[in-house]
Student: 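Got a structure for you, written out below as structure tokens; questions coming shortly.
To find a chain, count down the sequence lines: A is the first, B the second, and so on, and within it residues start at 1.
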Amino acid sequence: MTTPKTTIKLYNTKTRRKEDFVPIDADNVRMYVCGPTVYDRAHLGNARPVIVFDILYRLLRHVYGPDHVTYVRNFTDVDDRINETAQKRKAAGAEGTLETLIADRADETIDWYHQDMDALGALRPDHAPRATGFIGQMVAMIEDLIAKGHAYAAEGHVLFAVDSYKEYGALSGRSVDDMIAGARVEVAPYKRNPMDFVLWKPSTDDLPGWDSPWGRGRPGWHIECSAMAHELLGEAFDIHGGGNDLTFPHHENEIAQSTCVGHGFANVWMHNEMLQVEGKKMSKSLGNFFTVRDLLEQGVPGEVIRFVFLSTHYRKPMDWTEKKRAEAEKTLRKWYDLLTDVEPSTPDENFIADLADDLNSSKALYWLHHMADDLKQYQYWTSHGVEYVGPTPEELEATFLASAHLLGLLWQPTDNLSLPIIDLGAWEKELSKARSLAMQTKDFTEVDRIKNTLLEADVEVQMSKDSVKLTAGSAFDPSKLEALK
RNA sequence: GGCGAGUUGGCGGAGUGGUUACGCAGCGGAUUGCAAAUCCGUGUACAGGAGUUCGAUUCUCCUACUCGCCUCCA
């Protein structure tokens with residue numbers, strides 16, 4: 001085991017401080033991130049933790065080695081909204097039992113999720129466990145909690161007794177008394193304390209259920225992460241992540257369960273801030289709700305979405321705006337234009353240092369801008385016959401590309417960001433011909449007419465001394481070129 | 001009501017106890033038939049008030065405003 005030369009600093013919600021990250025075992029750095037409930041397409045907000053922790057995963061792999069990091073992200077496939085869809089389908093005459101219809105809905109949603117997150121350039125975790133695959137472990141954990149006096153069965157439910165755990169509320173900075181005073185808790189007659197939360201609940205015949213010492217039922221939401229993290233990552237692991245809306249109650253409850261059963265659980269707790277859209281919370285009622293798939297279908301490349309997310313630090317609210325989308329696309333296109341076919345080398349050290357400082361992705365992008373600038377200048381001056389002492393353009397490009405790859409950017413072959421590939425060769429010849437003629441006659445009316453029409457059709461026109469280059473933009477409208485014929 | 005985060009130039013967005021990144025937009029110049037692209041150069045900011053300090057945008061407190069969570073929404 002070698003000591004890594006990069007020290008990663010991470011903000012730990014548990015201590016409310018930025019700390020040097022020291023893994024339990026540098027040969028196997030372990031991270032658990034709360035994944036989606038698979039009831040429907042992932043909305044844009046779901047993409048934020050995916051991208052944030054993808055960056056952390058890539059950084060950890062860079063620092064500790066790709067074979068020395070284990071990343072687990074779960075799928076919650078026990079959920080009433082999944083059941084609802086299945087019930088509706090059954091009522092509409094779909095084939096199969098309710099169980100298979102539920103499984104089908106989860107399967108298709110997981111498939112969508114993978115497709116959408118792949119499009120964002122997110123690496124797949126090492127394990128993507130489904131809650132339904134770990135019911136046995138959950139039941140065993142609940143039994144253990146009861147045996148240790150931290151949980152009790154009542155009316156087919158099993159509840160965690162918050163009074164049995166003194167530290168309850170420590171992660172989110174709340175006290176049980178304050179929360180009860182807030183009066184936002186569900187009052188149920190079988191609860192000893194209003195804050196007690198469900199570990200197990202009974203299922204009726206029309207709901208999925210598993211046999212248990214407390215009758216046929218299904219697990220509460222929080223226990224799955226405790227059980228799966230323990231099963232796949234062991235008694236204690238390094239990092240636990242998720243959106244900051246999960247801090248309470250989800251993560252608070254995970255800690256309570258796992259700690260009371262005797263697990264060390266997670267050392268570092270990380271939470272990303274929420275996403276907004278044009279300055280407002282994304283919600284169906286405001287009409288600004290959309291999925292990752294919606295954006296992709298509108299022709300916004302996943303890489304552009306990723307770039308926009310990276311431009312804001314993960315602990316700050318991020319606003320998704322049309323303007324940012326356009327800027328990101330423009331920048332990425334410029335960067336792609338700089339690339340020749342040089343192979344990536346190793347990332348820039350300054351770049352790594354800032355990224356390792358609590359994932360300062362915005363600062364990391366600054367370094368990419370910086371490197372791109374250098375590269376551009378070397379390319380420019382080299383092409384003008386000026387010789388420089390220092391790194392060659394190839395070396396600069398290799399470092400630039402390796403750095404960009406660490407952020408999951410510029411990974412596509414050559415491409416220019418899924419721009420429609422439209423052959424405008426005929427128009428290039430046309431314009432070129434008219435221009436050569438105009439050079440002699442000094443009458444540029446025809447050239448301007450063609451150029452302006454092309455511009456109106458969203459074609460970028462670049463004329464140099466001896467060539468004409470046309471590139472169709474994302475709003476390319478071929479019908480506008482009809483006028484030229 | 002409880003808990004937490006934030007307020008930086010036209011916009012976005014880092015960072016720092018003393019010379020304030022960067023991107024986009026703007027402006028000037030080179031280049032161009034005109035443009036585009038590219039190159040060179042360039043201006044503007046740290047919510048308000050008080051305190052600590054030789055000195056605060058950076059630390060502390062107060063005020064205002066914004067936002068999030070407390071509802072199995074990441």
Student: Is there a side-chain polar atom (N or O) of A:T312 under 4.0 Å from OP1 or OP2 of B:rG13?
Tutor: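 Looking at the OP1 and OP2 atoms of B:rG13, one of them is under 4.0 Å from a side-chain N or O of A:T312.
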Student: Just to verify, what does A:S432 make a side chain to side chain contact (heavy atoms under 4.5 Å, CB included) with, not counting sequence neighbours?
Tutor: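 Per chain and number, A:S432 pairs via side chain to side chain contact (heavy atoms under 4.5 Å, CB included) with A:V468.
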Student: Is there a side-chain polar atom (N or O) of A:K316 under 4.0 Å from OP1 or OP2 of B:rC67?
Tutor: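 A:K316 to B:rC67 OP1/OP2: no side-chain N or O under 4.0 Å.
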Student: Does A:H43 reach a base, just sugar-phosphate, or nothing at all? Heavy atoms under 4.0 Å.
Tutor: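 It contacts base atoms.
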Student: When we call it a touch if two heavy atoms are under 4.0 Å apart, what does A:M463 touch: a base, just sugar-phosphate, or nothing?
Tutor: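 Base contact - A:M463 has a heavy atom under 4.0 Å of at least one base atom.
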Student: Across the strands shown, which category fits A:L275 at heavy-atom distances under 4.0 angstrom: base, sugar-phosphate, nothing?
Tutor: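 Touches a base.
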Student: Expressed in whole Å, how much space separates the C1' atoms belonging to B:rA14 and B:rC62?
Tutor: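 About 28 Å, rounded to a whole number of Å.
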Student: Between B:rG9 and B:rA45, how far is it from one P atom to the other, in whole Å?
Tutor: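 My reading of the P atoms in B:rG9 and B:rA45 gives 9 Å.
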Student: May I ask you to say what A:V198 touches in the nucleic acid, namely base, sugar-phosphate or nothing, with a heavy-atom cut-off under 4.0 Å?
Tutor: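 Counting heavy atoms under 4.0 Å across all strands, no contact is made by A:V198.
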Student: When you get a sec, tell me which of B:rC34, B:rA14, B:rU38 is the closest nucleotide to the side chain of A:S362?
Tutor: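 Nearest to the side chain of A:S362 among the choices is B:rA14.
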Student: Looking only at atom C1', what distance separates B:rU44 and B:rA21, rounded to whole Å?
Tutor: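 Per the computed distance, 16 Å lies between those C1' atoms.
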Student: Cation-pi check, A:R174 to A:F248: give yes when NZ or CZ is under 6.0 Å from the six-membered ring centre and within 45° of the ring axis, no otherwise.
Tutor: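 The answer is yes; both the distance and angle limits are met.
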Student: Is A:K451 close enough to B:rC34 that one of its side-chain N or O atoms is under 4.0 Å from OP1 or OP2 there?
Tutor: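 So the side-chain polar atoms of A:K451 never come under 4.0 Å of the phosphate oxygens OP1 or OP2 of B:rC34.
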Student: Looking only at the side chain of A:Q377 (C-beta and beyond, no hydrogens), which of the listed nucleotides B:rG4, B:rG33, B:rC40 gets closest?
Tutor: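 My answer, after comparing the listed nucleotides, is B:rC40.
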Student: Which helical stems does RNA chain B take part in, if a stem means at least 3 consecutive Watson-Crick or G-U pairs with both distances below 3.5 Å?
Tutor: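 Paired runs of 3+ in RNA chain B: B:1-7 with B:64-70, B:10-12 with B:22-24, B:26-30 with B:38-42, B:47-51 with B:59-63.
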Student: Applying side chain to side chain contact (heavy atoms under 4.5 Å, CB included), can you list everything that pairs with A:K433, at least two apart in sequence or on another chain?
Tutor: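 Residues passing side chain to side chain contact (heavy atoms under 4.5 Å, CB included) with A:K433: none at all.
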